[in-house]
Amino acid sequence: KLNEDNNPNWGVMNSSQMLYHCNKYIEVSFGIKKIYFVNRILFRVFFRYFFLKYLKFLEFDIKKFKKNSTTLKVFKTYPLIIDFDNEKERLVENLTKVKNKNTKIIYHQLYGNISSNLFKKLIAFHTSYHFNQFGILSD
């Protein structure tokens with residue numbers, strides 16, 4: 001349902017940037033794209049417990065999560081030119097990798113060791129949130 005011309009219901013990203021952002025989130029989660037050591041430590045110390053508890057409190061329901069939530073700086077940078085079709089294909093590939101991950105524990109760059117189930121919930125929550133932002137989820 002997503003195309004290059006979709007406008008967000010909130011926020012400032014265009015659809016190509018959103019796809020790039022979702023891909024980057026997954027690749028950072030898997031450790032494919034590295035983030036600064038200091039950011040990893042700060043996130044684990046200050047946000048791991050509170051953010052995960054908050055998401056559990058919301059029952060991972062994207063409709064309960066605040067729109068225009070703060071984004072970490074590492075996820076706010078985009079190349080000047082983004083190939084929409086390439087990013088769309090990459091997202092399908094990345095989501096397939098997440099789905100097929102069959103280990104009990106996964107090392108997440110921001111959260112440390114977490115269960116595979118929680119890892120998959122985080123990715124699904126984040127991606128669904130942005131799909132909802134662009135009005136492409138069916139109720």
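Heavy atoms only: backbone and side chains are in, while hydrogens, waters and symmetry mates are out.
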Worksheet item: Considering residues at least two apart in sequence or located in another chain, which fulfil the side-chain contact (heavy atoms from CB on, under 4.5 Å) criterion with Asn100?
Response: Thr96

Worksheet entry | Asn117: side-chain contact (heavy atoms from CB on, under 4.5 Å) partners, not counting sequence neighbours | Ser115, Lys121

Worksheet item: For Lys33, does the NZ atom have more than 12 heavy-atom neighbours from other residues, nucleotides or ligands under 6.0 Å away?
Response: yes

Specify the closest pair of heavy atoms between [X] and [Y], including all atoms of both residues, with the distance to one decimal.
| X | Y | result |
| --- | --- | --- |
| Asp83 | Asp85 | OD1-N, 3.1 Å |
| Ile136 | Lys1 | O-CD, 3.6 Å |
| Gly11 | Pro8 | O-CG, 3.8 Å |
| Gln133 | Met13 | OE1-CE, 3.8 Å |
| Phe30 | Val98 | CE1-CG2, 3.7 Å |
| Leu2 | Ser15 | CD1-CB, 3.8 Å |

Can you find a heavy atom in the side chain of [X] that is under 4.5 Å from one in the side chain of [Y]?
| X | Y | value |
| --- | --- | --- |
| Tyr25 | Leu122 | yes |
| Leu91 | Ile26 | yes |
| Asn14 | Gln17 | yes |

Worksheet item: What pairs with Tyr129 under ring-ring contact (aromatic ring centres under 6.0 Å, His included), at least two apart in sequence or on another chain?
Response: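 Checked Tyr129 against ring-ring contact (aromatic ring centres under 6.0 Å, His included); matches are Trp10, Phe65.
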
Practice prompt. Mind checking ring-ring contact (aromatic ring centres under 6.0 Å, His included) for Phe84 and listing every partner two or more places apart, or none if nothing turns up?
Written response: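 None.
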
Worksheet item: In Å and rounded to the nearest 0.5 Å, what is the CD to CG distance from Glu89 to Leu19?
Response: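 Spacing of CD (Glu89) from CG (Leu19) equals 12.0 Å.
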
Worksheet item: Hey, what do you get for SG (Cys22) to CZ (Phe131), rounding to the nearest 0.5 Å?
Response: 6.0 Å

Discussion item. Holding to side chain to side chain donor-acceptor pair (under 3.5 Å), I want the full list of residues that pass it with Asn94, two or more places apart in sequence or in another chain.
Written reply: Asn23, Glu27

Practice prompt. Name all residues meeting the side chain to side chain donor-acceptor pair (under 3.5 Å) criterion together with Ser29; count only those two or more places apart in sequence or in a different chain, and write none if there are none.
Written response: His108

Fill in: Residues Glu87 and Arg90 bridged, charged N to O under 4.0 Å
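A salt bridge is present here (some side-chain N lies under 4.0 Å from a carboxylate O).
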
Worksheet item: Would a distance-only check, ignoring hydrogens and angles, find a side-chain to backbone donor-acceptor pair under 3.5 Å from Lys104 to Ser116?
Response: no

Discussion item. Would you call the rings of His130 and His21 parallel, tilted or perpendicular, taking 30° and 60° as the class edges?
Written reply: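 Ring orientation, 0 to 90° scale: perpendicular.
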
Discussion item. Under the side chain to side chain contact (heavy atoms under 4.5 Å, CB included) test against Phe119, which residue among Ile105, Thr103, Ile106 passes?
Written reply: Ile106

